[in-house]
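Okay, structure first, notes after.
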Amino acid sequence: MNEDTNQVPNTGANQEDNKNTETKKDFATPNIPAQLLKPYDPTEVEPRVQKQERESGFYNPDVCIKEGITKADAPVYSIILPPPNVTGTLHMGHALGFTTQDIIIRYKRMKGFRTLWIPGTDHAAIATQSMVEKNIQKTEGKSRHDLGREELLKRVGVFAQQSRDTIVSQLQTLGASIDWSREAFTLDEERNFAVRTVFKKMYDDGLIYKKNRVINWDPKGQTTISDDELVYEDRKAKFYTFKYNKDFPIAISTTRPETKLGDVAVAVNPEDARYKEFIGKEFSLDFCGAPITIKIVGDHEALMDFGTGAVGITPAHSMTDYQIAQRHNLPMIQVIDEKARMMVGGPEIIGKKVVEAREIVVEWLKANDLLISEEEIDQRISTAERTGGIIEPLPKLQWFVAVNKPFKLAHSGIKGIEAGAEVTLKEIMQKAVSGGQIEMLPDHFLKTYFNWIDNLNDWCISRQIWYGHRIPVWYKGAEVYCGIEAPTDTDSVGADDEAGESTDKWIQDEDTLDTWFSSGLWSFSTMGWPTKASDPQSDFAIYHPTDLLVTGHDIIFFWVARMILMTGYALGTIPFHKVLLTGMVRDMKGRKFSKTLGNGIDPIEIAHKFGMDAGRMSLIFGTAPGTDSKIDENKIKGYKHFANKIWNVTRFILTATEGLYETAHSGVGEDGTKINFTDADLALIEKRNEVFKSISTNIDNLKIHIAAEDLYNYTWKEFADIILEDSKEIFADVDNLEGGAIAKKKSRAKFLLETLGLIIKTLHPFMPHVTQEIWSLLPAELKTRELLMTEKWPTF
RNA sequence: GGGCGAUUAGCUCAGUUGGUAGAGCAACUCAUUUACACUGAGAAGGUCAGGGGUUCGAGUCCCUUAUCGCCCACCA
């Protein structure tokens with residue numbers, strides 16, 4: 001530990017500063033620390049304080065216990081950091097969440113809790129791989145297949161590492177008092193073991209299954225994605241109405257004529273008088289060079305008053321049609337491949353991209369006089385969240401998690417679920433929250449959460465990308481093996497090897513898991529589960545479930561729900577007691593921060609310009625949980641002024657109480673008599689204590705934006721503007737005029753010093769750097785420890 | 001189509017269980033080397049989106065309308 005940082009180095013530079021400020025002779029007294037004579041300079045102070053805090057080891061609760069800062073049997077408080085994606089750098093949106101967590105963590109630590117905050121990063125599978133692929137394509141003109149699985153993974157690994165380093169330094173710049181000794185990564189060996197363990201358990205319980213069905217295919221990313229990874233875009237589209245051929249009795253409509261080469265049926269409403277007579281009939285015909293057989297089926301899904309009232313059914317390329325086809329036992333004919341090219345049809349159409357094929361089919365319809373009408377409509381198309389590719393529904397053999405399948409939950413700490421009872425994953429997600437064990441703030445997001453669960457379908461978890469947790473399943477001919485460890489006699493073929501080679505060795509499934517599968521385990525995979533789960537001294541035994549999750553409301557489905565699912569399933573418990581949802585941070589025009597707009601603000605930039613303390617305050621101040629906020633530099637500037645204000649308040653108090661503070665703080669005057677507070681000061685104390693009591697209460701209730709405001713107002717408007725101004729008169733009073741003058745001064749000096757200490761302590765979670773710096777300059781009598789973060793929180 | 005949120009000072013937003021409308025920024029008047037110009041004092045600025053209801057009392061609770069924003073959904 002570097003104790004020197006609290007001392008004022010007696011360098012030439014400082015002496016020079018003293019000379020420069022000599023005009024202010026009133027303050028150039030030997031007892032006033034030299035750096036106080038200058039305005040507060042966050043760029044010099046903040047990195048130094050961060051280093052000092054970090055090197056003290058007190059971010060780690062084990063060290064706090066060892067050094068006697070925290071009692072071993074103290075109540076526990078734990079938070080896991082929502083791991084940022086290793087796709088780039090943090091912006092002010094992250095900073096809001098992380099600052100919120102740091103405030104709570106510092107508060108709890110000072111209150112004596114055994115406090116743990118675990119950091120980490122997320123490998124973000126598709127997002128990261130596609131970013132690296134794009135870079136390689138741009139700089140080297142190579143695809144991932146040119147590089148091969150091993151080489152690509154190496155490149156992605158390097159990128160992820162750089163990204164992680166940036167994120168770590170950003171978190172440190174933020175002043176996050178997080179325990180770096182416990183840093184985790186969603187794709188490291190320990191987390192991989194947890195993933196394999198849970199996968200195997202789910203597989204054995206029949207909750208993970210492999211099935212051929214229509215999934216969301218991203219032709220750009222060359223992978224499947226889950227329903228939640230779809231992003232909808234509004235576009236104009238042509239809506240064509242036509243007949244398959246001249247003899248076909250019913251006209252249908254579509255925006256995608258090229259898919260009609262894969263049609264197997266036309267669905268009409270069984271009540272529809274126009275078409276009733278045709279139900280059950282079959283027509284074989286040639287459509288654009290592809291022989292197709294269309295069966296007319298009756299299905300209530302077909303709405304009589306929409307379009308022609310008849311729906312062409314393309315089971316292989318539409319989710320809805322797939323479901324209708326299932327009901328009527330219809331075949332599924334794939335006509336579009338993974339590159340979104342036509343697989344069937346005449347020579348003019350086969351091999352063409354869907355968009356070109358669409359034009360060709362329309363031309364063909366026109367040429368054969370089959371097109372009845374063509375109108376422009378608004379349409380929502382699905383695109384892939386990470387690559388922007390237009391989703392092509394395709395039939396594929398994929399892995400799924402069954403959310404509606406009952407299984408026996410061996411252990412249960414979830415209210416409303418008995419141990420050993422039959423439940424579904426959906427029920428776990430519902431009961432963990434509806435039973436009140438998990439609280440959400442603001443609570444109106446509960447409706448969003450439940451609504452999502454009600455409409456939830458089985459979760460497609462396999463991805464055809466290489467960066468991620470490989471599915472722990474091996475094949476040997478027709479045999480399938482799922483295990484935590486690879487079977488012996490495994491052939492370690494890479495993905496590039498041509499499949500289909502018959503071998504007598506086990507070959508692992510090529511696919512990787514959805515990144516949210518591993519994120520879902522984060523609350524316990526970061527704590528030594530499963531290896532050390534049974535050890536009562538393990539983090540898992542001590543700190544799980546965690547107390548609080550602070551995250552953006554945009555990932556309630558992706559992450560919050562998946563954590564509840566995974567924790568409920570694997571442990572029969574909840575991952576956290578409370579969820580605090582933060583809003584989005586936007587620019588002054590209300591736009592989201594984005595790379596393409598170039599409006600993103602890097603927290604490091606803020607630290608350079610205004611100081612991170614100011615940045616932290618500006619994020620918290622006036623921002624209610626769950627509501628979006630706007631931020632601009634003007635606002636941040638205001639809190640830079642605030643930091644400087646406290647700095648000057650400190651200078652004033654130390655100067656004004658010069659010679660008084662020793663006696664004032666000891667509570668005994670020079671003559672040995674006790675210093676009593678004057679009635680006026682007693683009244684100030686009462687009022688002050690009330691303010692600080694309510695600040696604590698507000699932090700306890702996670703209303704940190706209100707606590708920050710109260711603290712700001714008291715410090716500036718009450719303490720500085722009124723009390724300090726009033727004190728000037730008291731201190732200016734000439735001693736010998738009346739006997740009470742000296743007693744009044746001592747009383748006030750004691751009050752000012754105590755209150756300053758109180759402000760600095762209470763403000764510390766919000767503005768850790770400036771408060772630590774001031775703390776180091778306060779007279780020793782005021783403090784019990786050098787590091788403010790380990791001081792006791794003031795209680796009344 | 002369903003759900004959620006927002007609407008408060010010129011701008012950006014707070015407003016705990018219902019009890020006299022708040023802050024920052026901007027603008028206005030004054031003070032001028034003061035702990036601090038990264039300043040202080042003062043004044044100004046609001047039918048709390050509109051309408052209805054409950055209540056002794058509503059920015060806050062209920063109903064309704066409007067506008068904006070977000071999320072979800074298989075109208076081909």
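Here is how names work: the chains are called A, B, and so on, in the same order as the sequence lines, proteins then strands, and each is numbered from 1. The figures that follow rest on heavy atoms only: side chains count, while hydrogens, waters and symmetry mates do not. What you see is a predicted model; the values in this text were computed from it and never measured.
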List, with names and distances, any nitrogen or oxygen atoms from the protein found under 3.5 Å away from nitrogen or oxygen atoms belonging to nucleotides 8-11 of chain B.
none

Can you give each donor-acceptor pair under 3.5 Å made by side-chain atoms of residues 557-564 of chain A, sequence neighbours left out, with the distance rounded to 0.1 Å?
residue  : atom : partner  : partner atom : Å
A:Trp559 : NE1  : A:Ser519 : O            : 2.9
A:Arg562 : NH1  : A:Phe558 : O            : 3.2
A:Arg562 : NH2  : A:Asp228 : OD2          : 3.1

Item to complete: Please list, chain by chain and in numerical order, all residues satisfying ring pair (Phe, Tyr, Trp, His ring centres under 6.0 Å) with A:His705, sequence neighbours excluded.
Response: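 Applying ring pair (Phe, Tyr, Trp, His ring centres under 6.0 Å) to A:His705 gives none.
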Fill in: Residue list, ring pair (Phe, Tyr, Trp, His ring centres under 6.0 Å) with A:Tyr714, at least two apart or on another chain
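Applying ring pair (Phe, Tyr, Trp, His ring centres under 6.0 Å) to A:Tyr714 gives A:Phe692.
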What contact category does [X] fall into here, base, sugar-phosphate, or nothing, at under 4.0 angstrom with non-hydrogen atoms?
{"X": "A:Gly638", "result": "nothing"}
{"X": "A:Thr650", "result": "nothing"}
{"X": "A:Ala267", "result": "nothing"}

Worksheet entry | Pairs meeting criterion salt bridge (Lys or Arg N to Asp or Glu O under 4.0 Å) with involvement of residues 613-623 of chain A, two or more places apart |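 For residues 613-623 of chain A: A:Asp102-A:Arg616.
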Acceptor/donor pairs from residues 311-329 of chain A side chains to any protein atom, 3.5 angstrom cut, sequence neighbours excluded:
residue  : atom : partner  : partner atom : Å
A:Thr314 : OG1  : A:Lys260 : NZ           : 3.3
A:Thr314 : OG1  : A:Asp263 : OD1          : 2.5
A:His317 : ND1  : A:Pro393 : O            : 3.1
A:His317 : NE2  : A:Val335 : N            : 2.9
A:His317 : NE2  : A:Ile336 : N            : 3.3
A:Ser318 : OG   : A:Thr320 : N            : 3.4
A:Ser318 : OG   : A:Asp321 : N            : 3.1
A:Ser318 : OG   : A:Asp321 : OD1          : 3.4
A:Asp321 : OD2  : A:Thr314 : N            : 2.8
A:Arg327 : NE   : A:Asp299 : OD2          : 3.1
A:Arg327 : NH2  : A:Asp299 : OD1          : 3.2
A:Arg327 : NH2  : A:Asp299 : OD2          : 3.4
A:His328 : NE2  : A:Asp299 : OD2          : 2.7

Discussion item. If I pick the C1' atom on B:G46 and the same atom on B:G59, what distance separates them, to the nearest angstrom?
Written reply: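 Taking atom C1' in both B:G59 and B:G46, they lie 11 Å apart.
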Please enumerate all protein N or O atoms sitting under 3.5 Å from an N or O of nucleotides 20-22 of chain B, with distances to 0.1 Å.
none

Fill in: Minimum-distance nucleotide (side-chain atoms of A:Arg651 versus B:U12, B:G15, B:C36)
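Nearest to the side-chain atoms of A:Arg651, counting from C-beta on, is B:C36.
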Let me know the distance between [atom1] of [X] and [atom2] of [N], rounded to the nearest Å.
{"X": "A:Ile631", "N": "B:G24", "atom1": "CD1", "atom2": "C1'", "result": "13 Å"}
{"X": "A:Ile556", "N": "B:G3", "atom1": "CD1", "atom2": "P", "result": "18 Å"}
{"X": "A:Asp41", "N": "B:C36", "atom1": "CG", "atom2": "P", "result": "18 Å"}

Worksheet entry | A:Trp459 and A:Asp514: side chain donor to acceptor below 3.5 Å |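 Side chains of A:Trp459 and A:Asp514: pair found under 3.5 Å.
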Fill in: Stem regions touching RNA chain B, defined by at least 3 consecutive Watson-Crick or wobble G-U pairs below 3.5 angstrom
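Stems (3+ consecutive pairs) listed as B:1-7 with B:66-72, B:10-13 with B:22-25, B:28-31 with B:39-42, B:49-53 with B:61-65.
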Fill in: Contacts of type salt bridge (Lys or Arg N to Asp or Glu O under 4.0 Å), residue A:Lys211, not counting sequence neighbours
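So A:Lys211 forms no salt bridge (Lys or Arg N to Asp or Glu O under 4.0 Å) with any residue.
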Practice prompt. Please name all residues satisfying salt bridge (Lys or Arg N to Asp or Glu O under 4.0 Å) with A:Asp554, sequence neighbours left out, ordered by chain then number.
Written response: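 Salt bridge (Lys or Arg N to Asp or Glu O under 4.0 Å) list for A:Asp554, sorted by chain: empty.
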Practice prompt. Indicate for each nucleotide in nucleotides 38-45 of chain B, in 5' to 3' sequence, whether protein heavy atoms under 4.0 Å reach the base (B), only the sugar-phosphate (S), or nothing (-).
Written response: BSSS----
Discussion item. One character per nucleotide, please: for nucleotides 68-76 of chain B, 5' to 3', B when the base has a protein heavy atom closer than 4.0 Å, S when only the sugar-phosphate does, - otherwise.
Written reply: ---SBBBBB
